[in-house]
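Written below as structure tokens is the structure these notes are about.
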Protein chains: 2
Amino acid sequence: MITSRDVARLAGVSQPTVSRALRDDPKVSEATKKRVRDAAVALGYSTSPIGRALAVGRSTRVGLVVTDLENQFYGHVIAPMHRELERLGYELVLITESSESGPVTEHVMGHGLCGVVLATTTVDSLLPARLRDRGVPFVYFNRTAQSVQADSVTVDPEAGIRELLREVIGSGHRRIGAIFGPRNTSTGEQRENTVRSVLDEHGLALAHRDVLHGPFDFATGFGGARTLLDREDPPTLVLCGNDVVALGALNSAAEMGVAVPAEVSIVGFDDLPTSGWALIRLSTVAYDLDEMSREAARLIVARVEEPDARPRHTIYPSRYVARATTSSPRA
Amino acid sequence: MITSRDVARLAGVSQPTVSRALRDDPKVSEATKKRVRDAAVALGYSTSPIGRALAVGRSTRVGLVVTDLENQFYGHVIAPMHRELERLGYELVLITESSESGPVTEHVMGHGLCGVVLATTTVDSLLPARLRDRGVPFVYFNRTAQSVQADSVTVDPEAGIRELLREVIGSGHRRIGAIFGPRNTSTGEQRENTVRSVLDEHGLALAHRDVLHGPFDFATGFGGARTLLDREDPPTLVLCGNDVVALGALNSAAEMGVAVPAEVSIVGFDDLPTSGWALIRLSTVAYDLDEMSREAARLIVARVEEPDARPRHTIYPSRYVARATTSSPRA
DNA sequence: CTTTCGACTGTATACGTATGCATTCGATGC
DNA sequence: GCATCGAATGCATACGTATACAGTCGAAAG
């Protein structure tokens, strides 16, 4: 291992001067900086993040806590978040929240991480409280937990859902089913509440038996659609908690031989790239997930660098994107 | 920040004893261990990975170098690899190889990382040589570079491609087109060579104009299919470098109104979960990507813990999975 | 010519943990 | 009852970098 001391020796200066020169400290003369830089290049030296982290008291590693890495949704979160963090000089470390007492606590608590983005918070999670108690900065992404305050990046589903319901109700749908997300997530709950209240404005309501709940994954949509569409009198429209659920439902319908949208309309939420494919053409509620992911990166970095700034909550608008999985109900 | 010294004070022992007790060193008495553990819990202490890494001389962080995080292929790599690494007590850090001189070098070189998995190596990449020169352990995943030896995890495409070609040629295809991956990747090259040599055994060859190349992404397949299918006399079968390319081709065909497989058959390579969807049903060459990803995790950890072990090369077999995007060519 | 100041660089030390070595203490053997 | 040994623990220090502080040196001001 090549250390700053080796560089110092070669450049004929002291170790601290190397440290300063390489971080472009104005107190070091240009001539010395050049000598040091040349020596560093000659030896192939680069500063040890570990030593640096120990000395500075914090690292430049941000943890992203998710439950389900297979879920394609998170691929579209990770990529832009990672790029933005890198741009800001930070690294992204993945953490799966397998259990409350699991590695999250261990990895997050010892200050291996300077901050955390929570992307799969449930409203009853203990993690936010733990992080707060230990003074680890964190940001809610997409989902929040009311119990503990923190910066957040979320979507306001109202505009999208309102527009969506206006359109499908206008085109004649009355019997509406839903496969919502888990009740213990803020997103699941918020989307459900919004749907119910907007339906109410239209003088409609969801029949209890037409409402299902489950994790935001393919299997939920796949199984849910089977349940709903196997009925004697299935709903003419199925609202899904998100796009991945809708993709499950769509494929379930295809497998059952139920024509979409002729026999049933299906709607998602997220507008993932897959949803726009010619073979899919999913009608859905869209928002800027890329920008959201980058904003989460910016917020956590800002919080890390200025822990006492006032809380920031960025909320992104949503809109309805009508594609080919919705139409008037069959007569 | 709570340190081992705080725990030591509370437990009435010295700091080194805390260090030993918590790592279950047999030289510490059970009674002391208990006192230390209790104190640690009481204070909510967990050992600092940073301090530990500095003292031990290496971290427990493995870097995964990829170029294109949006690509769903990598989602299916990251998830199992991450789980396996976590099981082994290591962490996964994502690194995008934006440029040869970019952050890869910086992050990898200073011993922030104890090892690296290269998932998007090109045959002409300088990174393997650099890693070797600095003594950073690494493993090739999926792709290799001949110039520098290292452990590797790869797929042998031959069985799958052989079976695939036997079947489609048997069903009558003669005019075969291809959208291969980049020539400067071992996987792209190997799959192409295998296809050509097996075709040769059948007395067939690819027409020069029916062969395209491009990055392993959706756009390559989308654009490539458009090029091939816009012809007066398009191929009756299009072989794609991987599934993501095939999905692009499939959607391109759908958008052009070209029926699959009635007018053109399309085949991929990877068998991603998406390929099995009822709405997709892509015929493809399958192998155990999950297991491969875990094996890469195991190999890099083994290499890190025993740098001088003899090189290991794990090769996974492939097989053809016929689904709904292939049939006899139209008469 | 002396003083003062500022620009630059070096010295000493801190960060949190791990480990070789020294030390203590009680038990065992003679 | 003394020597010996081993188990248990403490002491000192190392890891690589960053930073407060002290020091040096030359130039400018008096």
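Order of the sequence lines fixes the chain letters, A, B, ..., with proteins taken first and strands second; residue numbering starts at 1 for each chain. Hydrogens, waters and symmetry mates play no part in the numbers below; they use all other heavy atoms, side chains included.
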Within less than 4.0 Å of OP1 or OP2 of [N], is there a side-chain N or O belonging to [X]?
| X | N | value |
| --- | --- | --- |
| B:T17 | D:dG10 | yes |
| B:T32 | D:dT9 | yes |
| B:T3 | C:dC15 | no |

Query raised in the report: Does B:V36 reach the side chain of B:V13, with side-chain heavy atoms less than 4.5 Å apart?
Result: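 Heavy-atom side-chain distance check passes, below 4.5 Å.
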Query raised in the report: Looking at side-chain heavy atoms only, is the closest gap between A:D290 and A:H76 below 4.5 Å?
Result: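 A side-chain contact under 4.5 Å is absent here.
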Which whole-number value in Å describes the distance from [X] [atom1] to [N] [atom2]?
| X | N | atom1 | atom2 | value |
| --- | --- | --- | --- | --- |
| B:M1 | C:dG16 | CE | C1' | 9 Å |
| B:R23 | C:dT19 | CZ | C1' | 9 Å |
| A:D24 | D:dA18 | CG | C1' | 16 Å |
| B:Q15 | D:dT13 | CD | P | 15 Å |
| B:L54 | D:dT13 | CG | C1' | 13 Å |

Query - First of B:Y45 and B:K27 reached from the 5' end of DNA chain C, by closest nucleotide - result: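 Here B:Y45 is the residue nearer the 5' end.
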Requested in this report: Under 4.0 Å between any heavy atoms, over every strand shown, what does A:V28 touch: base, sugar-phosphate, or nothing? Just pick one.
Outcome: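 Sugar-phosphate only.
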Requested in this report: Could you check whether B:V13 gets within reach of a base, just the sugar-phosphate, or nothing at all, counting any heavy atom under 4.0 Å?
Outcome: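 The answer is sugar-phosphate, as B:V13 gets under 4.0 Å only of primed atoms, P, OP1 or OP2.
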Query - Exam field: side chain A:Y140 to backbone A:V153, donor-acceptor pair closer than 3.5 Å - result: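 Such a contact is absent between A:Y140 side chain and A:V153 backbone.
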Query raised in the report: With nearest nucleotides of DNA chain D determined for B:V56 and B:R20 from heavy-atom distances, which residue corresponds to the more 5′ nucleotide?
Result: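 Its nucleotide being nearer the 5' end, the pick is B:R20.
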Query raised in the report: Near DNA chain D, which residues from residues 4-12 of chain A have a heavy atom under 4.0 Å away?
Result: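 Here the set is A:S4, A:R5.
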Requested in this report: Tell me, with the steps shown, if A:R303 and A:L299 meet side-chain contact (heavy atoms from CB on, under 4.5 Å).
Outcome: CA-CA 6 Å; A:R303 176 62 54 197; A:L299 283 190; over 6 Å; no
Requested in this report: Ignoring hydrogens and angles, state whether a donor on the side chain of B:S125 or B:T122 is under 3.5 Å from an acceptor on the partner side chain.
Outcome: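 Side-chain D/A pair, B:S125 to B:T122: absent.
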Query raised in the report: Please walk me through it: do B:S48 and B:R52 pass side chain to side chain donor-acceptor pair (under 3.5 Å)?
Result: CA-CA 6 Å; B:S48 155; B:R52 173 166 230 289; over 6 Å; no
